[in-house]
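Have a look at the structure below, then the notes.
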Amino acid sequence: MHLVSMTSTRIVELKQQCGNSVTLRGWLHGKRTSGKIAFLIVRDGTGICQCIVEASHPEPFAIAESLTQESSIELTGTVREDARSPGGVEIDISALTLVHRAEDYPISRKSHGVDFLMNHRHLWLRAPRQTAILRIRHTLIKAARGYFDDAGFTLIDTPILSPGAAEGAGTLFPVDYFGEEVYLAQTGQLYLESACMALEKVYCFGPTFRAEKSKTRRHLTEFWMIEPEIAYADLDTLKHHAEGLTLRMIGDTLTHHRDDLATLGRDVSALEKVTVPFASLTYSEAVDLLHSAQTRDWIEQDLAALETRRAEIDAALAVTGEELAAATKAWKKEKLEQTLRELKETRDELAIDLEHRRTHQQDVLSFSWGKDFGGDEETILSRQFDTPLFVTGYPREVKAFYMKRDDTDPRLVVNMDMLAPEGYGEVIGGSIREERLEVLQERMNEEKMDSAPYEWYLDLRRYGSIPHGGFGLGIERTVAWICGLKHVRETIPFPRLLGRMYP
RNA sequence: UCCUCGGUAGCUCAAUGGUAGAGCGUCUGGCUGUUAACCAGAAUGUUGUAGGUUCGAGCCCUACCCGAGGAGCCA
């Protein structure tokens, strides 16, 4: 094997190269051949391009005919605009080199099940949909870091291994640390508060580990979180930064990833509707809203919309069924059966959704003050707004010990969660921290916490304590929201889920 | 931990308790513009595991394993 050329062009740059001869390095995504012409669908790290070889070029044509899916290739040819090509440009191949022949690539260009794809995650990453998500994830992280960097924050790397006896210890992963049991970090916050007292505006960005046995579309056992911590912050400061951060992430995605969002089938208008100020309710107002006629009506309308949707799908099922009965060609039948399966799947999901909402709407309407919101409450609240929704001032019993007590109503803490629209749930959780030593110790006693492992944390309240606060934004839930994904497993290259550790 | 659904060819799925099948992928041949191309032909199985019921089990029963969705908890 030898490579034809030392320099190569990337597919994303092809539109500027019309009329020129270029060299492309990539992989064969798909292929169609006939007797005198071969269409190669070639991908590289930046996109997909259709390339053609005619039989008048016997050497490359022979290679093209024998290529298998995901074989790595290098090709040289002339770029030209062609409306018949999926990307609008096409390459006429003059030379083609096989770099490596892939034998029996397991992921075909047909539909696959979740289990199969997850077991082949290392290869699934090559799919157009997955590369689109990973590119957007990159931009979201870059935007988030850019936002804080531009606002004068300093990045602080907090430890991943932390000593025992942290709050909520049941949800931590234990690690054997030279015979001592320590835990994987579930937040960088306490350490970040130390750095906040040194540098005032700081943030950390790193992996976070939760050992909860959650099996839902919103949970990973290992996920990434970006957490700012701000000296002299009040709740409005936190909301201001949460808004700025969110707008920057959405803006950068809309600026750079229109094509990727289209690949994902994302409804871009929902993202464009996000403007400041975001909707904001206190916890008590949110509970009132849950109990209101407005919510009751909204639930009814939502159920009616789902019923309508189900009727539409049933109608589509009937039409497809008739087409299937009339179809004679085997491949046509197969396609219709595939459509039928997809429609049935959608209908089943809808039916489950409907059932779920019917059984839970009563719980939501009779939600009692003092509990934490569950997924259903969050969904019903957030879907009534086009922007993300802040909920502030939760009952202190359901929140962490470090959150500042609200002196105007001691039942509450000064905190804020941000719920993403379209039912994506909580993407940000944050609070003003309790900076008064006595109040913090009192709260720790109430929680029956051993203060010894926290003496260093209490020191922050002994030496120049100041009002401060911060929040954490979950990257994967944000990616899911911005990309319009049903499940967080596609938002991270190698998701760690309950019962899943391969690859 | 609990609830619901599922496990049949490499993949996606069919199969009244009665001879295990289709499409895709693969291989062979054909086709000058395809868009998950198409046409013709070929190969393909320990039906998740272990028991049980039955003349006969992919299908029924029991236990277990694995997966999916959800609850709780959370970002």
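Throughout, protein chains are lettered first and strands after them, A, B, ... in sequence-line order, and every chain is numbered starting at 1. Quick caveat: nothing in here was measured; it's all calculated off a predicted structure. Just so it is clear, the values below take in all heavy atoms, side chains as well, and ignore hydrogens, waters and symmetry mates.
- Residue R500(A) places no side-chain N or O under 4.0 Å from the OP1 or OP2 atom of rC66(B).
- Atoms CG (L419(A)) and C1' (rA75(B)) sit 11 Å apart, rounded to a whole Å.
- Side-chain atoms of K36(A) lie closest to rU32(B) of the nucleotides rC73(B), rU32(B), rG69(B).
- We find the CG-OG1 distance between L245(A) and T478(A) to be 8.0 Å, quoted to the nearest 0.5 Å.
- Each of rC27(B), rU32(B), rA75(B) was ranked by its minimum atom distance to the side chain of S34(A); first place goes to rU32(B).
- Rounded to whole Å, atom C1' of rU32(B) lies 13 Å from atom CG of D92(A).
- The same atom, C1', is picked in rG17(B) and in rA71(B); the two are 37 Å apart, to the nearest Å.
- When the side-chain nitrogen and oxygen atoms of R489(A) are compared with OP1 and OP2 of rG69(B), one or more of them lie within a distance under 4.0 Å.
- Annotation: salt bridge (Lys or Arg N to Asp or Glu O under 4.0 Å) contacts involving residues 494-503 of chain A, sequence neighbours excluded, comprise D115(A)-R500(A).
- One C1' atom belongs to rC59(B), the other to rC11(B), and the distance between them is 23 Å to the nearest Å.
- Considering K486(A), R266(A), R383(A), R477(A) as possible partners of E422(A), the one that fulfils the salt bridge (charged side-chain N to carboxylate O under 4.0 Å, His left out) test is R266(A).
- As judged by a 4.0 angstrom heavy-atom cut-off over every strand, G499(A) is placed among residues touching the sugar-phosphate backbone only.
- The interatomic distance linking M118(A) (CE) with rG6(B) (P) rounds to 22 Å, in whole Å.
- Here K213(A) does not reach the OP1 or OP2 of rG72(B): none of its side-chain N or O atoms lies under 4.0 Å away.
- Place S85(A) and L117(A) on RNA chain B by their nearest nucleotides, and L117(A) ends up nearer the 5' end.
- To the nearest whole angstrom, the two P atoms, one in rU46(B) and one in rA20(B), are 14 Å apart.
- Using a 30° and 60° split on the angle between ring planes, Y394(A) and F373(A) fall in the perpendicular class, above 60°.
- Comparing the P positions of rA9(B) and rC5(B) gives an interatomic distance of 23 Å, to the nearest angstrom.
- On a pure distance criterion of 3.5 Å, a polar donor-acceptor pair joins the side chain of Q50(A) and the base of rU34(B).
- The same atom, C1', is picked in rU49(B) and in rA42(B); the two are 34 Å apart, to the nearest Å.
- If you check every strand for non-hydrogen atoms under 4.0 Å, R129(A) touches nothing.
- A salt bridge is defined here as a Lys NZ or Arg NE, NH1 or NH2 lying under 4.0 Å from an Asp or Glu carboxylate O, and E476(A) with R137(A) meets this definition.
- With a 3.5 Å limit on both pairing distances and Watson-Crick or G-U wobble geometry required, the stems of 3 or more pairs in RNA chain B span B:1-7 with B:65-71, B:10-13 with B:21-24, B:26-30 with B:38-42, B:48-52 with B:60-64.
- Backbone-only contact: H487(A) has heavy atoms under 4.0 Å from sugar-phosphate atoms and none from a base.
- Taking the side chain of S214(A) as heavy atoms from C-beta on, and the options rU12(B), rA75(B), rG72(B), the nearest nucleotide is rG72(B).
- Out of rG70(B), rC74(B), rG67(B), the shortest distance to the side chain of D115(A) is found at rG67(B).
- Rounding to whole angstrom units, CD1 of residue I52(A) and P of rU32(B) are separated by 14 Å.
- A gap of 15 Å separates the P atoms of rC60(B) and rU8(B), to the nearest Å.
- Taking the six-membered ring where the residue is Trp, F116(A) and H120(A) present tilted rings, their angle falling between 30° and 60°.
- Remark: R43(A) engages E70(A) in a salt bridge, criterion side-chain N to carboxylate O under 4.0 Å.
- If you check rC31(B), rC74(B), rU1(B) against the side chain of T33(A), the one that comes closest is rC31(B).
- With rC74(B), rG33(B), rC27(B) as the candidates, the nucleotide lying closest to the side chain of F39(A) is rG33(B).
- Between F471(A) and F148(A), the two ring planes are tilted [angle within 30° to 60°].
- At most 12 non-hydrogen atoms from other residues, nucleotides or ligands lie less than 6.0 angstrom from NZ of K15(A).
- As judged by a 4.0 angstrom heavy-atom cut-off over every strand, E90(A) is placed among the base-contacting residues.
- If you measure from atom CD of E54(A) to atom C1' of rG33(B), you get 9 Å, rounded to the nearest angstrom.
- If you check every strand for non-hydrogen atoms under 4.0 Å, I475(A) touches nothing.
- Using a 4.0 Å heavy-atom distance criterion, G113(A) is classed as a sugar-phosphate-only contact.
- F401(A) and Y457(A) have perpendicular rings, their planes meeting at more than 60° on a 0 to 90° scale where under 30° would count as parallel.
- Listed nucleotides rA75(B), rC74(B), rA68(B) differ in distance to D372(A); the shortest reach to its side chain belongs to rC74(B).
- In this structure, of rU32(B), rU12(B), rA75(B), it is rU12(B) that holds the atom nearest to the side chain of F116(A).
- Along RNA chain B, the nucleotide closest to H112(A) and the one closest to T221(A) are compared, and the more 5′ of them pairs with H112(A).
- Across the protein-nucleic acid pair, W124(A) atom CH2 and rC11(B) atom P stand 16 Å apart, rounded to whole Å.
- When the C1' atom is used for both rU47(B) and rG7(B), the distance is 9 Å, rounded to whole Å.
- A salt bridge does not link K142(A) to D252(A): none of the charged nitrogens lies less than 4.0 Å from a carboxylate oxygen.
- Straight-line distance from the CZ atom of F205(A) to the C1' atom of rA75(B): 13 Å, rounded to whole Å.
- When heavy atoms are screened at a 4.0 angstrom cut-off, D82(A) is found touching base atoms of the nucleic acid.
- Spacing between rA57(B) and rG30(B) at atom P, rounded to whole Å, works out to 47 Å.
- Nucleic acid contact class of I107(A) (heavy atoms, under 4.0 Å, all strands): none.
- Rounded to whole Å, the distance from CZ on R218(A) to C1' on rG72(B) is 11 Å.
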